[in-house]
Each structure stands twice: as C-alpha cells, then as structure tokens.
Amino acid sequence: MLIAIFLILISGFFFLQSRSYYHESKSSFLNLAMILGISAILIFVLLFISKKDYSNINPLFCLLSLFFILIILYIQEKTKPTPLEVVAKQQRYWNEITPQDVYNFYSVRKQELKNRVNVLVNEKNILFEKGIITPQFIMDYYRLEPTKIENLEAIEKSKLYTAVFKKVKEMINNAEAVVHYEEILKKHDNYVEFFLLNLWETYSKKVNIGIAYLEILATNDVEREFIGALDLTFLFNMKRKGAVLYFKYMKFKEKLNER
C-alpha cells in the first residue's frame, strides 16, 4: 500500500515538473507521470485481488522497480541541457599558414617577466619624419631590386609568391575573368613582384584579404618589402615598409603622378 501511495506522489511530482519544460522534455515527464499513475492503480488492484497475499506480487514489484530505474535514466538523458559552447571554424585567408605557424612566428615578441608579460611591437613604420623622407628609404632604394624570372613556373621557387599567385588566381576565377598571365609577365619585364602587384591591384579591390601573416612565408628583404607593397596598393598614406618596391613599381608603370 505504501508503495502505491509513493508512486502516486512521484507521479504528481513529475506532472508538476513537466510544466517547467517544453517540447520533448515536457512530453517525457507527462508520459512518466502517466505510467507511474497507472502502475499505482494496478498495485492497488493487485493488492485487493490477492487479499493481502503479497507473495504473488513480489516479482511484479521487482519488474516495476527495474522499469522505474530505466524510465528515470531516460528522463535524465532527454532533459540534459543543451551545451552552450560555441564551435567555430577558424577563418584563414592563406592555407599555407597554420595557426601554429603564427604562434611560433610571433612568440619571440613575448617577454615573460616576474609579475607581467610584455609584448614587443613593430618598429616605427613611417616614411617621413618632420617632413623629411627617412634615410632608410634611400638606402633600401639602391639596395633592393625586384626579382626577374624566366617563366611562371619559376614562381614556385618562392613560397610567398606561390601563395599570392594562387590567391590571385582564385579571385580571377571567381570573377570569371580571362587573364593571359604570360603576356602580363612579359609586359612587366618578367619582374615577378611587378607582375603580382599588377594582378593584386587589379583583381583584389572587391575582396578584403588580410596580408599580415604573409610575413611568415618571407625569406629575404625583397619578399618582406613585397608584402608591404601589396598593402600600399590600396592605401592613401605611404608607409616605409614596402615603399621602395612600390615606388619602383609605380615608376615602371609611369604612374607616379597618381599618388
């Protein structure tokens, strides 16, 4: 008798609990409340039929106990809260550069001190100081020269130029444009930097692509200067990094008066 009363109380508890949930969880609680209520009624009926002879209904109690345990586990699974963690795919402009490459490259800027962590920033990247062009620009102008190649296959010798050329071709394909690369290379006297700068400023205007991490692929000063020149193609102010190569490119194209 006590078991039947207990089942009725539990059934009422689950019925009231169902009001706090929605959809599938609510249905699960209602179904459990109904099952427990019916079970309690069956126990009452069996008790009266058996005339208080409990020996015949002990197996039934065992089955009901097992059934209740399974139902409780089922309810726990169905009412488990939805995880709030956000799973996001990292956006990468350059598949040639992995997040680990970025971490390793910039980790040298971190200085762990006793009670703080310092992060070193880039040096000044200005072309003019007090209205006068920096001496470094003049030195680099006579020191750095663009790279000549014999054909397009020679681009593959540089990881940096290969990555930029691949990205430019993707943008050209997306624009459904027809480009004769060999002809453009010849028009730029086979200078690979001029060739890529021309393609970049022509076909990347509508695409916002970060180029900061390209420095990881650079292996010499000319390549690092080329990255800065890419950045300058759409800037209205001049920076020292890239200014030499971009100045030579604009001079080659006879477009100095446009800046």
Side-chain angles (χ1 to χ4, degrees), residues 91-97 102 122 124-128 133-134 136-259:
Q91 184 179 13
R92 288 164 54 192
Y93 295 114
W94 310 95
N95 293 327
E96 296 82 2
I97 303 172
V102 176
N122 291 332
K124 289 183 179 180
N125 188 18
I126 55 177
L127 183 61
F128 296 94
I133 196 167
T134 58
Q136 188 65 43
F137 174 85
I138 305 299
M139 295 170 60
D140 289 343
Y141 182 82
Y142 291 103
R143 181 175 65 91
L144 301 176
E145 292 293 335
T147 308
K148 268 201 171 185
I149 59 175
E150 296 181 359
N151 48 50
L152 293 175
E153 287 70 23
I155 294 178
E156 297 178 0
K157 295 180 180 180
S158 168
K159 291 183 178 180
L160 172 64
Y161 296 155
T162 299
V164 173
F165 189 36
K166 179 182 177 182
K167 183 61 65 175
V168 169
K169 287 195 291 186
E170 287 180 8
M171 292 185 285
I172 291 173
N173 291 334
N174 292 336
E176 299 181 350
V178 178
V179 178
H180 301 288
Y181 299 110
E182 292 285 357
E183 293 181 7
I184 297 176
L185 180 62
K186 290 179 181 179
K187 287 181 180 179
H188 292 84
D189 284 354
N190 284 54
Y191 289 118
V192 63
E193 290 87 3
F194 294 172
F195 165 72
L196 292 174
L197 282 170
N198 177 261
L199 293 176
W200 187 266
E201 70 174 356
T202 303
Y203 296 102
S204 69
K205 292 180 180 179
K206 297 182 179 180
V207 184
N208 183 21
I209 297 179
I211 61 173
Y213 293 153
L214 283 178
E215 192 174 357
I216 297 172
L217 301 178
T219 58
N220 55 55
D221 290 341
V222 175
E223 291 187 348
R224 282 183 279 271
E225 185 74 7
F226 169 72
I227 298 170
L230 284 179
D231 192 30
L232 291 175
T233 53
F234 300 117
L235 292 181
F236 292 101
N237 61 315
M238 296 297 292
K239 299 179 180 180
R240 183 173 65 81
K241 182 180 178 181
V244 168
L245 192 57
Y246 188 71
F247 178 84
K248 291 189 175 186
Y249 168 71
M250 295 294 284
K251 182 179 179 181
F252 177 85
K253 300 284 287 185
E254 298 181 352
K255 297 168 64 175
L256 286 177
N257 293 332
E258 296 181 8
R259 296 300 294 260

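Heavy atoms only: backbone and side chains are in, while hydrogens, waters and symmetry mates are out.
Note that CZ of Phe226 and CG of Leu196 are 4.5 Å apart. Values are rounded to the nearest 0.5 Å. Rounded to the nearest 0.5 Å, atoms CG (Leu185) and NZ (Lys187) are 11.5 Å apart. One finds the CG atom of Asp231 at 4.5 Å from the CD1 atom of Ile211 (value rounded to the nearest 0.5 Å).
For Lys248 and Phe252, the positive end is not near the middle of the six-membered ring at less than 6.0 Å and at most 45° from its axis.
Of all non-hydrogen atoms in Leu232 and Lys241, the two that sit nearest each other are CD1-O, 4.0 Å. The shortest heavy-atom contact between Asn190 and Ile149 is ND2-O, 2.7 Å. When all heavy atoms of Glu193 and Tyr161 are compared, the closest pair comes out as OE2-OH, 2.6 Å. Across every non-hydrogen atom of Phe234 and Ser204, the tightest pair is CE1-OG, 3.4 Å. Looking at every heavy atom in both residues, Val222 comes nearest to Leu245 through O-CD2, 4.3 Å. Across every non-hydrogen atom of Tyr246 and Ala229, the tightest pair is CD1-O, 3.9 Å.
Distance alone, capped at 3.5 Å, places no donor-acceptor pair between the Asp221 side chain and the Arg224 backbone.
Counting non-hydrogen atoms of neighbouring residues, nucleotides and ligands closer than 6.0 angstrom, the NZ atom of Lys253 exceeds 12 such neighbours. Within a 6.0 Å sphere centred on CD of Glu150, heavy atoms belonging to other residues, nucleotides or ligands number 12 at most. At most 12 heavy atoms of other shown residues, nucleotides or ligands fall within 6.0 angstrom of atom OH in Tyr213.
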Take Leu230 and Leu214, measure what side-chain contact (heavy atoms from CB on, under 4.5 Å) needs, and give me the verdict at the end. CA-CA 11 Å; Leu230 284 179; Leu214 283 178; 4.3 Å; yes
Residues Arg143, Glu225; criterion salt bridge (charged side-chain N to carboxylate O under 4.0 Å, His left out); working and verdict: CA-CA 12 Å; Arg143 181 175 65 91; Glu225 185 74 7; over 6 Å; no
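Counting only heavy atoms from C-beta outward, the side chains of Glu96 and Thr162 never approach each other to under 4.5 Å. When side chains are defined from C-beta on, Ile155 does not count as touching Tyr181, because their heavy atoms never get closer than 4.5 Å. Between Thr202 and Val179 the shortest side-chain heavy-atom distance does not fall below 4.5 Å.
For the side-chain contact (heavy atoms from CB on, under 4.5 Å) with Glu201, the qualifying choice from Leu199, Leu197, Asn198 is Asn198, the only one to do so.
Using a 4.0 Å cut-off between a side-chain N of Lys or Arg and a carboxylate O of Asp or Glu, Glu170 and Lys167 qualify as a salt bridge.
Note on ring orientation: taking the six-membered ring where Trp is involved, the planes of Phe194 and Tyr249 are tilted (angle from 30° to 60°).
Between Phe165 and Phe195, the gap from one ring centroid to the other is short of 6.0 Å.
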